[in-house]
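Counting starts at 1 for both ligands and their atoms, in listed order. For clarity, every value in this text was computed on a predicted model and none was experimentally measured.
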Amino acid sequence: MDRYDTLVIGAGVAGLTAARLLTKAGHRVVVLEARDHVGGRVRTERANGLVTDLGASWIHGIADSPVAAAAEACGMRTVEFTVGGCQADSRPIAYYGPDGVRLDDAAQLNFVEDIRALDAALVDVIAASAVDASYRDVTDEALATFGWSEDRVQRVREYLEHRSEEQYGARIEDLAAHGLDDDQIEGDEVVFPDGYDALPESLAEGLDVRLEHIVSRVEWSGHGVVTSTNRGRLVAAQAVVTVPVGVLQSAEFAIEPPLPEPVAGALSRLAMNDFEKVFLRFPKKFWDDDVYAIRQQGPQGRWWHSWYDLTRLHGTPTLMTFAAGRGATETRGWDEQSVVDSVMTQLRRLFGDLATKPTSVTITDWHADPFARGSYAYMTVGSSTDDHDVLATPIGGVLHLAGEATWTDDPATVTGAMMSGHRAAENILGRAVAFNEIWASSGP
Ligand SMILES: Cc1cc2nc3c(=O)[nH]c(=O)nc-3n(C[C@H](O)[C@H](O)[C@H](O)COP(=O)(O)OP(=O)(O)OC[C@H]3O[C@@H](n4cnc5c(N)ncnc54)[C@H](O)[C@@H]3O)c2cc1C
């Protein structure tokens, strides 16, 4: 049996980044990927002339972003779209009150200022929070310091629930107090009108990627690593495992001997989320031209409260909303028409009969995807931000976990995935590697 230098499990951005750097350094590397394509949770659908990013779509801040640098080097076109981080007001947003009537400028400004005040107060409350505090606990504690009317508190409280669900796909009671600590946006946000998948496609060029190789077992020892797949066994001196947290936690993916501490503990405190995208395409735009997003307040917005106007990407009138947290778990199992009817009921509240039937709809199902098991990982109550980096502690000098969930500074993102793949390669090579080596033109 051939013995490779490194086996990389998973051809998402983390795995491809690690494989690329190791291959460039002269290592014999094989990437094992369960799907019939590379990219993992960066997945672009192309149908009827429409390009739809089903997984990642934003770079959440292009300032000093390695992903922005890589995308530029790959010649990927971008469109500015700075509302991806659930911001209250970074760009024009149309807010509708609980009665379904659009807020005037003064009412909207008051609401946004309340969010800013809350966010400022939250910093110290989170810093002083107990290990087992949830994001609900800390936000309620911060809200209680203001003495606002019940109605004012309720609007902000509800916004915070939406933030937890939309940013992390987790109910606010389930998310750790520190669960949104990484939520900073540096610079504009951008999306990719031609599809985000150009990034993993470029990273994969020239690599030995074996598609439709489902890894079921990884055995490690002082001698190296043996992996079992549906197409046989492969042996290497080292392995980089980049499968999502949900796969790592499943019975279908065995690591033998089992992950030691502190890695096992860190893994047990993270969980895959509930987060799906709903794309609705219309014959005609019925919402304002000059807004990036539409948001509604009040109990009617329990599931469907925010719609993002993607029309600027391709000219086809398109709104995207998220089934996130409760919206995802409570609509799971519904057929497409029922989800569309439910979303359209809310749009008709705001726009009346102008909100016509969509001409096409796409709804993702990352939760049912056996190679993702959710969209990304979140910090459950009791976890600490360090748990991400702890996951990447090298094991026995031969096994390295990488992937979005293993990067404390920017988990749940393509950036986190890329940085973690770079770190795994550095750990294996035992030396620093310039970041731009990832996209530098020489080899593999
Ligand atoms: C709906 C959605 C929206 C998102 N939005 C954004 C966004 O706007 N911006 C952003 O930065 N990030 C976003 N993300 C997160 C981002 O997509 C991920 O953080 C990133 O792509 C993860 O890369 P990775 O390499 O860590 O994991 P993956 O891309 O999941 O790669 C792991 C690979 O392992 C493979 N695999 C799994 N099991 C096995 C097995 N048993 N054997 C072999 N191979 C296996 C998988 O098929 C996959 O290809 C979003 C994700 C989703 C799903």
**Asked** Which pair of heavy atoms, one from Pro260 and one from Trp220, lies closest together, and at what distance?
**Response** CD-CZ2, 4.2 Å

Does the [X] side chain pair with the main chain of [Y], one donor and one acceptor, at a distance under 3.5 Å?
X	Y	result
Ser57	Val191	no
Thr406	Ser420	no
Thr408	Thr385	yes
Ser129	Ala127	no

For [atom], what's the nearest protein heavy atom and its distance?
atom	answer
atom 44 (N) of ligand 1	Ala34 N, 3.1 Å
atom 31 (O) of ligand 1	Gly12 CA, 3.4 Å
atom 23 (O) of ligand 1	Ala417 CB, 3.4 Å
atom 9 (N) of ligand 1	Trp58 O, 2.8 Å
atom 11 (O) of ligand 1	Val414 N, 2.9 Å
atom 51 (C) of ligand 1	Tyr376 CD2, 3.7 Å
atom 32 (C) of ligand 1	Thr242 O, 3.4 Å
atom 27 (O) of ligand 1	Arg41 NH2, 3.0 Å

Give yes or no for whether the N/O distance cutoff of 3.5 Å, strictly under, is met between [X] and ligand 1.
X	result
Val247	no
Lys277	no
Glu404	yes

For [X] and ligand 1, answer yes if some heavy atom of the residue is under 4.0 Å from a ligand atom, otherwise no.
X	answer
His213	yes
Ala372	no
Gly39	yes
Pro244	yes
Thr364	no

Identify, by atom number and element, the atoms of ligand 1 in contact range of [X], meaning under 4.0 Å from any of its heavy atoms.
X	answer
Ala14	25 (O), 26 (O)
Val42	21 (O)
Trp366	1 (C), 53 (C)
Arg35	46 (C), 47 (O), 49 (O)
Gly403	26 (O)
Gly40	29 (O), 48 (C), 49 (O)

State whether a side-chain donor-acceptor pair under 3.5 Å links [X] with [Y].
X	Y	answer
Asp274	Thr329	no
Gln238	Thr6	no
Tyr96	Arg349	no
Gln296	Gln346	yes

**Prompt:** Hey, does the Lys NZ or Arg CZ of Arg312 hover above the aromatic six-ring of Tyr292, less than 6.0 Å from the centre and inside 45° of the axis?
**Reply:**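 Output yes; distance and angle both within limits.
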
**Option whose closest heavy atom lies nearest to atom 18 (C) of ligand 1, chosen from Val8, Leu54, Thr413** =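 Answer by nearest heavy atom: Thr413.
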
**Request:** Look at atom 14 (N) of ligand 1 and find which of Gly421, Ala56, Pro411, Gly61 reaches it with the closest heavy atom.
**Result:** Ala56

**Message:** Between Phe81 and Trp58, is the ring centroid distance below 6.0 Å?
**Reply:**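 When the ring centroids of Phe81 and Trp58 are compared, they turn out to be within the sub-6.0 Å range.
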
**Message:** Please report whether the ring centroid of Phe322 lies less than 6.0 Å from that of Tyr308.
**Reply:** yes

**Item:** Candidate pair Asp194 and Arg77, rule salt bridge (Lys or Arg N to Asp or Glu O under 4.0 Å), full reasoning
**Value:** CA-CA 7 Å; Asp194 305 320; Arg77 281 197 309 140; 2.8 Å; yes

**Prompt:** Please walk me through it: do Arg233 and Glu219 pass salt bridge (Lys or Arg N to Asp or Glu O under 4.0 Å)?
**Reply:** CA-CA 11 Å; Arg233 283 151 66 90; Glu219 291 162 67; 3.8 Å; yes

